[in-house]
Amino acid sequence: MGVDTESGGLSPWHTRLRTIQVGDKHHGWCVPWDQWGGGALEILNSYEGEFTWHNLPHDAKFMEIKAGWKVPWNRCHDTLIGARIQDPTRPAGLKPLTSRLVDPAALTGQKLLDDGMRQQKWTWDTVPIDFEPYWLYAALDPVLNCHLYEKIIPDVQARFPMVYDLEMAIVRICSRMMMKGMRLDPGYIQAEQLRLSAFTEQAKAWLKATYGITSVLSAGQISRVLTALGVEIDAFTDQGAPKMDKDNLERYQLTSGPQAAELIRYILAVRHAVKLQGTYLDNFMAMADADGILHASINTLAARTGRMSMSDPNLQNLPRDDKMIRGSFISRDGNVLITCDLNQVEARLGAHFSEDEGLIKAFNDADEFGTDFFCGVAGGIYGEEILKKDPRRQLTKNVVYSSLYGAGTRKMAQTAGVPFEQMQPVADGFNATYPGLQTTLNRIYEEAIARDKPYIVTPLGRHIPLDRDRAFTQGLNSLIQGHAAEYFKICVTRMEAAGVDEFLLVPVHDEIIADVPRDQADEVARVIEECMTDLDGYRVRLTAGADILPERWQKV
DNA sequence: AGCGCGGGCGCG
DNA sequence: AAAGCGCGCCCGCGCT
């Protein structure tokens, strides 16, 4: 049975459920929730077979929160998940997908509905349920979904069985995280908003009065003023516009006179303040529910590598070093927040996949003797003991990570902030001492481009497509990032099996945040660490470290 | 007014 | 021969 819902908007905490639709390959029913909701639930409850959805976690929120219906996860399929496993780069919306895989006519209804809504200025909340294109194509959705099911799910279950099982488990666990949501501290946020806007207003007034600059993001305005102040602009975007990003402005700041330097200092400070307030604080408040809980959306299969993404708002890119933004999130009463992240998981998987004896030994030594991995690697390159404060350690670290990402020596030097000539011997020394990574990088590239459409295969059997003209830089990184993503997802399913899934809040690529009653914190932190640890499944250990945060999402 | 894009910037 | 990977959100800008 195919199931779908229509609502007034995307968030069940801000909009209403309007219809529940059910259907099979030949019939679809569109049931208005207000009038006949009980009937729809009757249908769902009396059915004992398997359900198919397109973007189950989205509908699950409305079904559980608005309809009070418990999703029978073990009887549910998701054709969106299946489609993204088949090909993560293909448009995966219900209608584009159906038109491609089943019948081109699937797209025609969308246009009628769009035109009608535009003409009448209807939104998803106000379009009348009896507007024919609305109910007609709502009822069609579960029908299309049943056709899609046949094209996608058996194929995915046959070709990617472990990946599909893992992704369906993650959809279930992350749905629970979304419904739980994160608790905000509104007083704290408001105070920070006021502090930031006081600065921004004063600085903007100064920029306008002194230089006529009305926007700190306008490259045109800024470059004109800098030029007038004697700065020679020498960096440009692909389109030929003056490049006014942070790196270049900081460069001009160092080489220009005091006036230009002061101007740049203000521009960067305002940009930073605007970013913090606009991207983060304002959105936190705007998107919170009536109880001050923020239910950010998790896309469990967003990136082609299998990574998750988040939106509305994205909680995976909160500033890390400045504690202010993360401080907006607090534990529930009587609870503490726990964060647990995998230790250097990409570098460890790089060592694992490279099969390089030196890199593997460097990790094993570091784990066994509690020493620093990068000091060990640097020691191998330079043939002498390297201490943690030695600048050669940082250079080595840059070379290791850049290599995992397929960067060339030029980019390595740029990232490290050193001249090319200084980076070259380090890169050469690394490749001579630890040749496995280069060999693996080349092998993966050759294997991938030998295929009709280039792709790599992860240990779980996931296919990650590569762009042919970028395959060299994507290849090894896709394998590492892709397996890190699926390993992390496996860890999360272990947490569910261990019974701590009820505490989980947010997945951040290699880190999980949890909200735990204070008296269970030590025990849960230990369990989560254990779920993220694998001591013998790889050529190096995969380990994790948990921190208990007494109040806010801030390391102490 | 709404849309798409480029540029910019936050994270892992 | 040499080649940084993956996201989401904000604003300015040109276009419709």
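Convention: sequence-line order gives letters A, B, ...; per-chain numbering from 1.
A ring-centre distance under 6.0 Å is found for A/His483 and A/Tyr538. Between A/Tyr134 and A/Trp122, the ring centre distance reaches or exceeds 6.0 Å. Annotation: A/Phe363 is not in aromatic contact with A/His352 [ring centroid separation under 6.0 Å not met].
Nucleotide B/dG10 holds its P atom 15 Å from the CD atom of A/Gln277, rounded to whole Å.
Within the nucleic acid shown, A/Tyr401 has no heavy atom closer than 4.0 Å to any nucleic acid atom. Counting non-hydrogen atoms under 4.0 angstrom, A/Ser402 reaches nothing in the nucleic acid. Residue A/Arg307 is in base contact, counting any heavy-atom pair closer than 4.0 Å across all strands shown. A/Gln474 comes within contact range of the sugar-phosphate backbone alone, with a heavy-atom separation under 4.0 Å but no base atom that close. Residue contacts shown for A/Ser478 are absent, as no nucleic acid heavy atom lies under 4.0 Å away. Within the nucleic acid shown, A/Met310 comes within 4.0 Å of sugar-phosphate atoms alone, with no base atom in reach, counting heavy atoms only.
Among B/dG7, B/dG12, C/dC9, the nucleotide with an atom closest to any side-chain atom of A/Lys275 is C/dC9. The listed nucleotides are C/dC7, B/dC9, B/dG10; the one nearest the side chain of A/Asp245 is B/dC9.
Close to C/dC10, at under 4.0 Å from its OP1 or OP2, lies a side-chain N or O of A/Asn283. Residue A/His272 has a polar side-chain atom (N or O) positioned under 4.0 Å from OP1 or OP2 of B/dG10. For B/dC9, the OP1/OP2 oxygens have a side-chain nitrogen or oxygen of A/Arg271 closer than 4.0 Å. Checking the phosphate oxygens (OP1, OP2) of C/dG8, a side-chain nitrogen or oxygen of A/Ser309 falls inside 4.0 Å. For the OP1/OP2 pair of C/dA3 and a distance below 4.0 Å, the side-chain nitrogens and oxygens of A/Arg468 include no atom meeting the criterion.
C/dG6 is paired with B/dC11 under the criterion used here, namely a Watson-Crick or G-U wobble arrangement in which both key atom distances are under 3.5 Å.
At least one donor-acceptor pair under 3.5 Å links the side chain of A/Asn314 to the backbone N or O of A/Gln316.
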